[in-house]
Amino acid sequence: MCDNFVMKTKIGGLELVDEAAKLLKSGQLVAFATETVYGLGANALDGQAIKKIYEAKGRPSDNPLIVHICDTNMLNMVAKDVPAIAKNLFMHFSPGPLTLVLKRNDKISACVAPNLDTVAVRIPNHPLALELIKKATIPIAAPSANISGSLSPTTAQAVFEDFDGKIQLILDGGTCEVGIESTVLDLTTDIPTILRPGRIKPKDLLAVLPKVLTQTGELLHAKSPGTKYKHYAPKIKCQMAKDIKEAKSMYDDDKNAVIIGSSGFVAACGKRNAISLGDNIDDIEHNYFTTLRIAQEKFDLIILETFYGEEAAAIMDRMKKSCGKI
Ligand code: TXA
Ligand code: MG
């Protein structure tokens with residue numbers, strides 16, 4: 001009799017999740033579907049189990065692994081000093097194809113990121129992966145489930161081709177919806193930095209982050225969300241006058257115009273239609289929208305006084321937008 005043990009690799013779905021969770025907890029490897037590509041998982045708390053990933057894949061020992069969690073409650077097991085922006089990013093993009101590099105918590109094995117004090121974390125958006133992590137109640141370290149250097153697997157069959165007889169179980173969740181690996185974003189640098197591009201694009205990140213450095217070294221800035229939309233526009237034409245002289249030259253009785261500004265500005269308008277917003281910035285801000293609402297019903301052209309200086313930044317932002325200038 002031959003006593004060489006040949007491992008049989010099982011492939012299945014939800015019915016194998018309990019078994020897969022037990023295998024992980026006992027230090028074995030399990031491959032599982034995620035929405036990006038299939039992962040080759042091990043218990044992230046167990047250094048010996050993680051070493052098996054490197055062996056099975058033939059992965060260079062200095063290439064760190066992504067740790068998968070099922071919700072943000074698990075984050076404290078994996079990372080420490082988590083910045084508020086990380087929670088914000090998770091809220092926006094998770095579960096999903098975004099991996100965040102954070103400071104590593106000592107509770108997980110340093111083998112996930114040899115020679116680094118960081119950890120890459122993500123919440124995969126696939127019911128099988130989430131169920132597996134929940135059942136196992138541990139974070140799962142998992143690179144893509146392919147032999148190092150070969151194509152990433154997007155089906156259970158592709159995993160089987162690389163790991164038949166080498167792992168006990170593959171959780172088959174069908175063809176991966178995204179099909180490329182997650183975007184990796186480093187949050188341990190001054191400016192969040194994309195280390196690997198993926199489905200979540202820089203423009204998506206800029207909806208949450210003020211700045212992002214792309215993997216090509218380009219620094220991108222967010223406009224404040226919403227600034228791209230038309231804002232504060234009255235129903236009638238609205239123009240800025242840089243001083244009283246310009247206001248008077250823009251004014252034309254035939255155009256049914258009105259000048260709107262501070263009380264001093266209005267006083268200098270003579271007999272022209274004019275409405276005062278007040279004589280200090282607080283009053284001017286307070287009265288601005290109400291006054292424009294009234295003016296748009298009575299007149300056909302609004303001429304606004306330009307205010308100068310840092311104190312006037314907020315009112316000028318609204319006024320310029322009313323004039324369609326930004
Ligand atoms: O979509 C994915 O991210 C898939 C699925 C299975 O989740 N996983 C995946 O893992 O692509 P892998 O090992 O093939 O790629 C991990 C990437 C590598 O580029 C690695 O260098 C980077 O993440 N990475 C992991 N930990 C890191 C860390 N602490 N600091 C910087 N980069 C890290
Ligand atoms: Mg890979």
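Both counts, for ligands and for their atoms, begin at 1 and track the order of listing.
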Checklist entry - Mind checking whether Thr99 has an N or O less than 3.5 Å away from an N or O of ligand 1? => result no

Item to check | Polar side-chain atom of Asp283 near backbone of Asp279 as donor-acceptor pair, under 3.5 Å | outcome: no

Checklist entry - Which protein heavy atom lies closest to atom 29 (N) of ligand 1, and at what distance to 0.1 Å? => result Thr118 OG1, 3.0 Å

Checklist entry - Does the side chain of Lys51 pick up a donor-acceptor pair with the side chain of Ser61 at under 3.5 Å? => result no

Checklist entry - For the side chain of His126 and the backbone of Gly173, is there at least one donor-acceptor N/O pair under 3.5 Å apart? => result yes

Checklist entry - Is the backbone N or O of Gly96 less than 3.5 Å from a side-chain atom of Arg122, with the two atoms forming a donor-acceptor pair by type? => result yes

Item to check | Heavy atom of the protein closest to atom 7 (O) of ligand 1 (residue, atom name, distance) | outcome: His68 NE2, 2.6 Å

Next on the checklist: I'd like to check which ligand 1 atoms, numbered from 1 as shown, lie under 4.0 Å from a non-hydrogen atom of Ala120.
Outcome noted: 25 (C), 26 (N), 27 (C), 29 (N)

Checklist entry - Against heavy atoms of Ile66, which atoms of ligand 1 measure under 4.0 Å? => result 3 (O), 8 (N), 9 (C), 10 (O), 16 (C), 23 (O)

Item to check | Rounded distance [0.5 Å steps], CG in Leu100 versus CZ in Phe93 | outcome: 10.0 Å

Next on the checklist: Return the closest protein heavy atom for atom 33 (C) of ligand 1 as residue, atom name and distance.
Outcome noted: Pro64 CG, 3.5 Å

Next on the checklist: Please check: side-chain N/O of Thr291 versus main-chain N/O of Leu277, any donor-acceptor pairing under 3.5 Å?
Outcome noted: no

Checklist entry - Is there a donor-acceptor contact under 3.5 Å from the side chain of Lys25 to the main chain of Ala136? => result yes

Checklist outcome for this item: Looking only at protein heavy atoms, what sits closest to atom 6 (C) of ligand 1 is Gly39 CA, 3.6 Å

Checklist entry - Is the shortest distance from a Lys or Arg side-chain nitrogen in Glu35 or Arg199 to a carboxylate oxygen in the other one below 4.0 Å? => result no

Next on the checklist: For Arg59, state whether at least one heavy atom is located under 4.0 Å from any atom of ligand 1.
Outcome noted: yes

Item to check | Top protein contact for atom 32 (N) of ligand 1, by heavy-atom distance | outcome: Leu195 CD1, 3.7 Å

Checklist entry - Any idea which protein heavy atom is nearest atom 5 (C) of ligand 1, and the distance to it? => result Thr36 OG1, 3.5 Å

Checklist entry - Should you measure from each heavy atom of Pro143, which atoms of ligand 1 turn up under 4.0 Å away? => result 10 (O), 12 (P), 13 (O)

Checklist outcome for this item: atom 18 (C) of ligand 1: of Asn63, Val184, Ile53, the nearest heavy atom sits on Asn63

Checklist outcome for this item: for atom 15 (O) of ligand 1, nearest protein heavy atom and its distance come out as Arg196 NH1, 3.1 Å

Checklist entry - Are any of the N or O atoms of Glu181 closer than 3.5 Å to those of ligand 1? => result no

Checklist entry - Going by heavy atoms in the side chains, are Gln28 and Lys22 under 4.5 Å from each other? => result no

Checklist entry - Ignoring hydrogens and geometry, is there a side-chain-to-backbone donor-acceptor pair from Glu246 to Lys242 under 3.5 Å? => result yes

Next on the checklist: Quick one: does any side-chain atom of Ser150 pair with a main-chain N or O of Asn146 as donor and acceptor, under 3.5 Å?
Outcome noted: no

Next on the checklist: A side-chain contact here means heavy atoms from C-beta on lying under 4.5 Å apart; do Leu14 and Glu131 qualify?
Outcome noted: yes

Checklist outcome for this item: Numbered in order shown, the ligand 1 atoms found under 4.0 Å of a heavy atom of Val101 are 30 (N), 31 (C)

Checklist entry - Mind counting the protein N, O or S atoms sitting less than 2.8 Å from the Mg ion (ligand 2)? => result 1

Checklist outcome for this item: The protein heavy atom nearest to atom 3 (O) of ligand 1 is Ser182 OG, 2.5 Å

Checklist entry - Which residue pairs pass the ring pair (Phe, Tyr, Trp, His ring centres under 6.0 Å) test with at least one member in residues 281-304, sequence neighbours excluded? => result Tyr232-Phe289

